[in-house]
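Have a look at the structure below before the remarks.
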Amino acid sequence: MVWIVHKKQLAIAAVCCVALIAAPFLCAGLFKSTAAAAADNTNWGLSFQENGKTPRGNASADFLKQYNSYYAGNTDKKVIYLTFDAGYENGYTPAILDTLKAHNVKAAFFVVGNYIETSPDLVKRMVEDGHIVGNHTYHHPDMSKISDKDSFVKEVQSLEALFKETTGKDMPKYYRPPQGKYSESNLKMASELGYKTMFWSLAYVDWYVDKQPTREQAFDKLLPRIHPGAVVLLHSTSKTNSEILDELLTKWEAEGYTFGTLDELV
């Protein structure tokens, strides 16, 4: 019996030793898998844990920052960074620009080739009004599927050239992946081209032209989830956005928020 007890004790001790030896490797494996998960993401996503707080991105701020990429600003300051994606002109941008001017808010507009080709005067007005006009690629493809550098560079630099031809100015080095689809190699290539990749920490479904949210639906998403350092993504094609923007900015201002630029964020 004594020998059996000792045998059991030796067996338990052996298991414990194996566990102790394996633990660092298991933890390292877990860390590696977490890092790999961040690297393998191809579609930007957010998880809102608490209203008024910065949501969690499916890649961490630290992971993104190594590639000059961001999704939110300083969480200690009540500053909002307002951005618009502009895939095409739908007749609402002039009203949006008027509202921004009335509130003295400088935003960022991420445009594609079609937008510059069809609405050069609006692009020029964005620049004249002091807004940043960023790179949303020329053709708006799924960039996560583009792995060779030549194709990536062509999508980005062809838009730069068109912007320069249209405005006479160099395009600011801010890049937003179409549909938020990306790969780690995309982030790296953008950074090597001198770009800062800008994701977002607040958005809502505003891009379906034939299924626009109501004023109430928009406010239900945009008001409780606003947070210090928020990078807000809106679409300039949205009729609802053009109609509520003045009231939305007024409500945010009443909550003590001010508006910053991407230049200030980075």
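Values reported hereafter were calculated over all heavy atoms of this structure, with side chains retained and with hydrogens, waters and symmetry mates removed. Everything numeric here is computed off the predicted structure, so don't read it as measured data. Numbers for residues simply follow the sequence, beginning at 1.
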Restricting to non-hydrogen atoms, name the atom on [X] and the atom on [Y] that form the minimum distance, rounded to 0.1 Å.
X      : Y      : result
Val156 : Asn135 : O-ND2, 3.0 Å
Leu159 : Val112 : CD1-C, 3.4 Å
Ala59  : Tyr182 : CB-OH, 3.8 Å
Glu155 : Pro141 : OE1-CD, 3.7 Å
Ser238 : Gln212 : OG-OE1, 2.5 Å
Pro228 : Thr75  : CB-O, 3.3 Å

Can you list every ring-ring contact (aromatic ring centres under 6.0 Å, His included) pair that touches residues 126-146, not counting sequence neighbours?
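Residue pairs passing ring-ring contact (aromatic ring centres under 6.0 Å, His included), neighbours aside: Phe109-His131, His136-His140.
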### Query
Do the charged groups of Lys239 and Glu243 touch, with an N to O distance under 4.0 Å?
yes
Which atom pairs, donor and acceptor, lie under 3.5 Å between side-chain atoms of residues 196-203 and protein residues at least two apart or in another chain?
{"from": "Ser201", "atom 1": "OG", "to": "His227", "atom 2": "NE2", "distance (Å)": "2.8"}
{"from": "Ser201", "atom 1": "OG", "to": "Val231", "atom 2": "N", "distance (Å)": "3.0"}

Once salt bridge (charged side-chain N to carboxylate O under 4.0 Å, His left out) is applied, what residue pairs with a partner in [range] remain, sequence neighbours excluded?
range            : result
residues 54-77   : none
residues 256-266 : none
residues 82-98   : Asp85-Arg176, Asp98-Arg125

How long is the straight-line distance from [atom2] of [Y] back to [atom1] of [X], given to the nearest 0.5 Å?
X      : Y      : atom1 : atom2 : answer
Leu234 : Ile244 : CG    : CD1   : 7.5 Å
Thr237 : Trp207 : OG1   : CH2   : 10.0 Å
Tyr70  : Tyr174 : OH    : OH    : 8.5 Å

For [Y], does its backbone N or O pair with a side-chain atom of [X] as donor and acceptor, under 3.5 Å?
X      : Y      : answer
Tyr71  : Pro55  : yes
Ser242 : Tyr92  : no
Ser151 : Ile146 : no
Gln217 : Thr214 : yes
Thr166 : Leu162 : yes

- Qualifying residues under salt bridge (Lys or Arg N to Asp or Glu O under 4.0 Å), relative to Lys154, sequence neighbours excluded: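 By the salt bridge (Lys or Arg N to Asp or Glu O under 4.0 Å) rule, Lys154 matches no residue at all.
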Sequence neighbours excluded, the answer for salt bridge (Lys or Arg N to Asp or Glu O under 4.0 Å) partners of Lys149 is Glu192
Joint cluster assignment, [X] & [Y], ILVMFWY side-chain distance < 4.5 Å:
X      : Y      : result
Val153 : Leu187 : yes
Phe48  : Val205 : no
Val266 : Ile132 : yes

Do [X] and [Y] come close enough that some side-chain heavy atom pair is under 4.5 Å?
X      : Y      : result
Gln179 : Trp44  : no
Ile116 : Phe163 : yes
Lys78  : Thr258 : no
Thr83  : Val232 : no
Asn68  : Tyr195 : no
Leu122 : Leu97  : yes
Leu245 : Leu249 : yes
Tyr204 : Pro213 : yes

- prompt: Taking only residues two or more places apart in sequence, or in another chain, which ones meet Phe152 in a ring-ring contact (aromatic ring centres under 6.0 Å, His included)?
  reply: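 Tyr175.
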By side-chain contact (heavy atoms from CB on, under 4.5 Å), Lys53 pairs with (sequence neighbours left out) Glu50
Residues passing the side-chain contact (heavy atoms from CB on, under 4.5 Å) test with Ser185, sequence neighbours excluded, are Ser183, Met189
Next item on the list: Carefully, step by step, assess Val127 and Val133 under the rule side chain to side chain contact (heavy atoms under 4.5 Å, CB included).
Entry: CA-CA 7 Å; Val127 174; Val133 179; 4.0 Å; yes
Side chain to side chain donor-acceptor pair (under 3.5 Å) against Asp206, all qualifying residues, sequence neighbours excluded:
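Expected list: His235, Asn241.
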- Report the C-alpha separation of Val105 and Ile80 in whole Å, then their side-chain angles, then the decisive distance to 0.1 Å, and conclude whether the side chain to side chain contact (heavy atoms under 4.5 Å, CB included) test is met. CA-CA 10 Å; Val105 172; Ile80 296 169; over 6 Å; no
Report all side-chain donor-acceptor pairs from residues 250-257 shorter than 3.5 Å, counting only partners two or more places apart or in another chain.
{"from": "Thr250", "atom 1": "OG1", "to": "Asp246", "atom 2": "O", "distance (Å)": "2.8"}
{"from": "Glu253", "atom 1": "OE1", "to": "His103", "atom 2": "ND1", "distance (Å)": "3.2"}
{"from": "Glu253", "atom 1": "OE2", "to": "His103", "atom 2": "ND1", "distance (Å)": "3.1"}

Quick one: do the Ser47 and Gln49 side chains pair a donor with an acceptor below 3.5 Å?
yes
